[in-house]
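The chain is numbered in sequence order, starting from 1. Values below: every heavy atom of this structure, side chains too, minus hydrogens, waters and symmetry copies. Treat the numbers as computed from the prediction; the structure is a model and nothing was measured.
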Amino acid sequence: MNCPTTLPSIAEALCRLETGELRARDLAQACLQRIQARDAEVQAYVAYDANRVLAQAGEVDSGRRRGLLRGVPFAVKDVIQSADYPTTYGSPIYAGHRTGRDAACVALSREQGGVLMGKVVTSEFATQTPGPTRNPLNPAHTPGGSSSGSAAAVADGMAMVAWGTQTTGSITRPAIYCGVVGYKPSFGLVSTAGVGLLSPLQDTVGILARDVGDAAATVLGIHGRRFQPAPADSRYRLGVCLSSQWDHASAQAVNALHAWIRRLAAAGFEVSERALPADFEALIVDQGRLVAYDARHALAHERRTDAGRLSPRLTERMAGGEAIDLPAYLAMQQRAALGRHRADALFEGVDALVYPATDGEAEAGLENSGSPRFGALWTLLHLPTVALPVARGSGGLPLGVQLVGRYGQDEALLQIAERAASSGGGVDG
């Protein structure tokens with residue numbers, strides 16, 4: 001399931017750009033050629049402009065633009081604003097809509113020398129009604145949602161990395177379905193300025209990438225920081241977190257997780273198991289109800305002025321939020337706040353948690369994008385996660401796991417994830 005192009009890693013690209021062995025134009029043209037060859041089938045992009053892309057690359061090659069993402073071709077989910085392209089939020093209501101500004105993650109990526117390839121598909125307002133994107137590994141299957149275009153573009157070599165968002169599992173699930181890495185940072189690490197928000201206390205901007213190193217380089221890069229891999233002698237303790245949600249995972253997904261853990265144990269990781277406390281189990285139910293309530297408020301204008309162009313699925317979801325009164329909503333928010341306060345206790349004696357990422361392989365068909373359930377708790381708790389494909393299922397599509405870290409300890413989690421990815425093997429390892 002490797003990227004089907006010869007694109008280098010970000011670290012390698014920066015070195016080769018510095019020596020003159022590689023040009024930013026070369027990277028941009030490789031992605032453009034892939035878009036031209038494949039996007040009619042995959043349908044990852046909403047909009048791109050080859051001349052605009054090559055002009056940005058020319059600025060990098062001339063030395064006018066430098067930085068930690070120098071020359072890196074990146075794509076942007078279409079709930080994230082960009083000055084160069086419309087931002088439609090995956091809805092006909094906003095066809096052709098231009099905001100005239102870059103969202104923070106876009107502006108900072110460009111400030112660090114990144115080359116904006118264009119906008120990629122999102123589901124409607126980053127909810128559950130899918131867009132047209134197909135899974136590049138098997139076009140008869142969903143790429144997941146709502147960061148479908150982001151995952152598909154990276155998986156098919158149409159961008160080196162792509163910004164996405166997660167309200168429940170919208171980075172984690174597409175990453176695994178398409179066989180790439182999904183990194184959801186600690187809540188707030190990447191600014192949501194310029195992002196269409198659905199649930200403001202949960203919406204998180206993150207990245208889809210070909211490997212952990214590229215994911216880390218992008219998110220840390222917009223903060224002006226380089227990713228430092230873990231020292232060779234580092235030893236890590238992982239806690240496999242058991243919960244009622246495991247009942248929803250397929251046997252092959254669970255077996256793949258345990259097989260991966262056994263490989264890590266053989267490589268020197270210390271592995272233990274722990275049960276998710278009951279009060280955290282209750283938060284999983286609260287999470288979906290909070291999203292329904294918040295979505296009804298966030299999309300109040302669209303409900304009132306253009307309800308006929310909202311999908312039946314989204315309309316039904318918002319109706320569920322209408323049935324929640326203010327005292328119930330505030331009680332859920334209070335429980336979530338208490339859970340965040342107590343979340344550090346989940347990591348007693350371990351450096352990271354291991355948890356399923358999806359129910360199983362990407363579902364056949366495009367009508368549904370799969371369940372986001374395995375991201376719900378960690379998104380609500382504001383904890384960083386890294387989703388890794390680790391095996392193939394019986395249908396030949398990826399199965400994966402997610403690693404969960406302490407709040408604010410993103411660099412440590414990324415070091416663990418990179419070491420685990422290399423020690424445990426991936427879908428081709």
Side-chain angles (χ1 to χ4, degrees), residues 142 144-145 166-177 179 182 184 236-265 269-289 291 335-336 339 342-343 345-363 368-381 383-395 397-406 413 416-417 420-421 424-427:
T142 178
Q166 179 158 309
T167 306
T168 302
S170 297
I171 291 171
T172 298
R173 183 171 78 268
I176 300 305
Y177 280 5
K184 182 195 76 66
Y236 294 116
R237 303 163 300 167
L238 300 179
V240 180
C241 183
L242 305 175
S243 76
S244 62
Q245 286 194 303
W246 286 62
D247 293 341
H248 297 284
S250 67
Q252 63 177 355
V254 172
N255 290 339
L257 183 152
H258 285 302
W260 184 71
I261 283 293
R262 287 194 296 271
R263 294 196 294 271
L264 293 185
F269 282 73
E270 181 182 322
V271 179
S272 59
E273 290 187 350
R274 60 197 50 220
L276 185 69
D279 49 347
F280 285 95
E281 289 268 9
L283 290 178
I284 296 170
V285 177
D286 283 349
Q287 193 273 342
R289 287 166 54 79
V291 173
R335 290 194 292 271
R342 298 180 57 248
L346 296 173
F347 298 89
E348 184 176 349
V350 299
D351 302 303
L353 301 176
V354 180
Y355 206 66
T358 64
D359 291 3
E361 294 177 80
E363 297 182 6
N368 295 297
S369 60
S371 172
R373 73 178 94 248
F374 288 107
L377 178 62
W378 316 119
T379 307
L380 183 63
L381 293 179
L383 301 180
T385 63
V386 178
L388 302 170
V390 300
R392 288 195 185 98
S394 58
L397 293 174
L399 299 167
V401 303
Q402 59 180 322
L403 290 169
V404 184
R406 287 180 170 88
L413 177 65
I416 295 168
V427 292

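- Leu257 contributes atom CG, which lies 10.0 Å from atom CG of Leu399 (distance to the nearest 0.5 angstrom).
- To the nearest 0.5 Å, the span separating CZ on Arg173 from CZ on Arg373 amounts to 10.0 Å.
- The side-chain contact (heavy atoms from CB on, under 4.5 Å) check on Ala362 picks up Asn135, His141, Thr142, Tyr177, Leu397, with sequence neighbours excluded.
- A donor-acceptor contact shorter than 3.5 Å is absent between the side chain of Trp260 and the backbone of Pro389.
- Between Leu403 atom CG and Leu383 atom CG the span is 13.0 Å, to the nearest 0.5 Å.
- In Glu281, the CD atom is crowded: over 12 heavy atoms of neighbouring residues, nucleotides or ligands sit closer than 6.0 Å.
- The aromatic rings of Tyr355 and Phe374 sit perpendicular, their planes meeting at an angle over 60°, well past the 30° parallel limit.
- Looking at residues two or more places apart in sequence or on another chain, you find no side-chain hydrogen bond (donor to acceptor under 3.5 Å, both in side chains) involving Asn255.
- Under the 3.5 Å distance criterion, the side-chain polar atoms of Gln252 are left unmatched by any main-chain donor or acceptor of Gly360.
- No donor-acceptor pair under 3.5 Å is formed between the side chain of Glu361 and the backbone N or O of Pro398.
- In this structure, the side chain of Ser250 engages the main chain of Asp359 through a donor-acceptor pair within 3.5 Å.
- For Arg274 (side chain) and Glu348 (main-chain N/O), a donor-acceptor pair under 3.5 Å exists by modelled atom type.
- With hydrogens and angles ignored, the 3.5 Å screen pairs no side-chain donor or acceptor of Gln166 with any backbone N or O of Thr379.
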